Every structure is written in C-alpha cells, then in structure tokens.
Amino acid sequence: MHLALYQPDIPQNVGACIRLSACFGVGLHVIEPVGFRFDDAGMKRAALDYGPLGHMVRHAGWDAFQRDRPAGRLVLFTTRGAERLDAFTFQSDDVLLFGRETAGVPDDIHAAAGARVVVPLRPGARSLNLAVSAGIGLFEGLRQTAGLT
Ligand SMILES: C[S@@+](CC[C@H](N)C(=O)[O-])C[C@H]1O[C@@H](n2cnc3c(N)ncnc32)[C@H](O)[C@@H]1O
C-alpha cells in the first residue's frame, strides 16, 4: 500500500505524512507542483526525525506520477460522490490518493481514479485535515489487508 498526495500546499501536512509512511512502512508519493520548498522548516518539524525512515518519492506532475507510480488501483479519498470508508474493501497494493488542501483534485483525476472513498463525517462538517484523513484511510487499509505490524 502507498500514500500519494496531489499538489499539497501545506508543508506540515507533508511532514506528518512522511512520519505516517515511516511509522507504517508504506511509500509516500508527492505529486508536484507543491506550495512550499522541500527544505521548509515546518515540514521537517512535522516529520521530526522520521524523515530518513520514510520512502518519499517526488513526481514532477500528474503524467509523471501516472507513468512511474507503483502498480495497483488508485483509490481517491474525496468528500464528493464516494463509497464510505467503513463499507470499502481495500487491496494490499492500493495507492491511496489525497487531494490538495484547498481544492481536492480536478474533475478528470476524480473520474480517472479506480475507486472514490469518503470518510463519513457528521452533518455540516465539510472535510478533515489532509494528514488526518491519510492516517485514517491508511490504518483502515492496512488493517483490512493484514498490513499492520
Ligand atoms: C482539506 S481536504 C480538501 C477540501 C476540498 N475543499 C475538497 O472538497 O476536496 C484535503 C484532502 O483530504 C482528504 N479528505 C478530507 N476529508 C475527507 C473525507 N471526509 N473523506 C475523504 N477524504 C477526505 C481528501 O483527499 C481531500 O482532497
């Protein structure tokens, strides 16, 4: 299982996902452009000293990601028109894709995903923080596929 972040804007979210990928032993793919520099102090602070343990791969854009990404179904986490996480069945080679903090993903990427999953929220709540949704989705995916250590 892998995590993929589409054009993230907030370095602390990427840092938190570096830590997630290191703690759970999954790859992390960052699809550029991003809204910060990769030497950002906030990103490093959120990653703590887990950075070297993570497996972050940077992709120059969507096309490069599609060409080079690991094989496996692309599972988009989205608040729009999706299957509920608690009713979704993961596969061990799924690539979990998360959208940009401000805008999610464009419609063509939404449509191109192999599956679209929503974390159900209380009525009136719009969305979760990017790294929080990644943690929830990753844990459930690993739990279902016997990927937890
Ligand atoms: C802050 S949210 C983006 C909000 C944006 N206005 C939208 O509607 O897509 C950043 C990313 O976190 C993930 N996310 C946040 N809440 C989610 C939820 N309830 N279910 C699934 N994914 C969620 C999605 O990948 C989303 O693109």
Side-chain angles (χ1 to χ4, degrees), residues 1-38 40 42-48 50 54-66 68-145 147-148:
M1 197 160 287
H2 294 258
L3 293 173
L5 309 180
Y6 180 82
Q7 298 186 355
D9 280 325
I10 300 176
Q12 287 84 353
N13 282 335
V14 177
C17 288
I18 290 172
R19 189 170 175 180
L20 262 183
S21 78
C23 289
F24 288 103
V26 303
L28 173 64
H29 298 260
V30 176
I31 302 162
E32 300 189 39
V34 300
F36 56 89
R37 289 169 51 100
F38 277 91
D40 183 276
M43 185 184 87
K44 290 182 180 169
R45 185 170 182 197
L48 290 179
Y50 290 97
H55 313 282
M56 183 172 75
V57 179
R58 291 167 57 181
H59 301 269
W62 178 253
D63 291 343
F65 170 69
Q66 282 291 61
D68 301 334
R69 74 175 177 84
R73 183 175 56 163
L74 205 53
V75 177
L76 174 66
F77 277 71
T78 172
T79 54
R80 292 194 287 140
E83 296 177 60
R84 287 173 57 112
L85 177 64
D86 52 330
F88 186 73
T89 303
F90 286 90
Q91 300 166 7
S92 58
D93 62 350
D94 280 343
V95 178
L96 313 187
L97 174 65
F98 297 85
R100 194 174 181 182
E101 293 89 341
T102 46
V105 298
D107 288 345
D108 58 332
I109 292 178
H110 191 273
R116 285 157 289 275
V117 176
V118 64
V119 181
L121 304 178
R122 297 181 70 185
R126 291 188 302 278
S127 66
L128 294 162
N129 164 272
L130 167 60
V132 169
S133 64
I136 292 171
L138 178 62
F139 189 89
E140 175 61 11
L142 292 173
R143 186 191 70 79
Q144 285 188 19
T145 57
L148 295 168

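Numbers for residues simply follow the sequence, beginning at 1. Every number for a ligand or one of its atoms is a count from 1 in the order of the listing. Note that this is a predicted model, so its numbers are computed, not measured.
- Counting the atoms of ligand 1 from 1 in the order shown, those under 4.0 Å from a heavy atom of Gly104 are 5 (C), 9 (O), 27 (O).
- Contact check for Phe77 versus Ile136: no side-chain heavy atoms found under the 4.5 Å cut-off.
- Under 4.0 Å from ligand 1, not a single heavy atom of Asn129 appears.
- Looking only at side-chain heavy atoms (C-beta outward), Glu140 and Val119 stay at 4.5 Å or farther from each other.
- Residue contacts with ligand 1 for Leu121 involve side-chain atoms from C-beta outward but no N, CA, C or O (heavy atoms, distance under 4.0 Å).
- Of all protein heavy atoms, the one lying nearest to atom 12 (O) of ligand 1 is Ser133 OG, 3.3 Å.
- Using a 4.5 Å cut-off on side-chain heavy atoms (C-beta onward), Gln66 and Leu74 make contact.
- Here's the thing with Phe98: none of its N/O atoms is less than 3.5 angstrom from an N/O atom of ligand 1.
- Closest to atom 16 (N) of ligand 1, if we only count protein heavy atoms, is Leu128 N, 2.9 Å.
- Among Val119, Leu5, Leu76, Thr78, the residue whose heavy atom sits closest to atom 22 (N) of ligand 1 is Thr78.
- In Thr102, the part holding a heavy atom less than 4.0 Å from any atom of ligand 1 is the backbone.
- Some N or O of Phe77 is nearer than 3.5 Å to an N or O of ligand 1, by distance alone.
- The number of heavy atoms from other shown groups lying within 6.0 Å of CZ (Arg45) does not exceed 12.
- Residue contacts with ligand 1 for Arg80 are absent, since no atom lies close enough (heavy atoms, distance under 4.0 Å).
- Contact detail for Phe90 and Val75: the closest heavy-atom pair is CE2-CG1, 4.5 Å.
- The nearest heavy-atom contact from the protein to atom 26 (C) of ligand 1 is Gly99 N, 3.9 Å.
- Using a 4.5 Å heavy-atom threshold, the side chains of Met1 and Phe24 count as separate.
- In this structure, Arg100 is part of the shell of residues with a heavy atom less than 4.0 angstrom from ligand 1.
- The closest side-chain heavy-atom distance from Phe98 to Asn13 is not below 4.5 Å.
- Among all non-hydrogen protein atoms, the one lying nearest atom 4 (C) of ligand 1 is Glu101 O, 3.7 Å.
- Of the options Ile109, Val34, Leu76, a side chain to side chain contact (heavy atoms under 4.5 Å, CB included) to Tyr6 is made by Ile109 and by none of the others.
- Applying the 4.0 Å criterion to heavy atoms of Val118 picks out, from ligand 1, the atoms 20 (N), 21 (C).
- Taking NE2 of His59 as the start and CG of Leu5 as the end, the distance is 10.0 Å to the nearest 0.5 Å.
- Here is the list of ligand 1 atoms found below 4.0 Å of a heavy atom in Leu130: 12 (O).
- Which parts of ligand 1 touch Val117 is read off a 4.0 Å heavy-atom cut-off, strictly below it: atoms 21 (C).
- The shortest non-hydrogen separation linking Ala4 to Phe65 is CB-CZ, 3.8 Å.
- Judged purely by atom type and a 3.5 angstrom limit, Gln7 has no side-chain atom pairing as donor or acceptor with the backbone of Arg100.
- Nearest protein heavy-atom neighbour of atom 17 (C) of ligand 1: Thr79 CG2, 3.7 Å.
- Proximity of Ser127 to ligand 1, defined as any heavy-atom pair under 4.0 Å, is shared by backbone and side chain alike.
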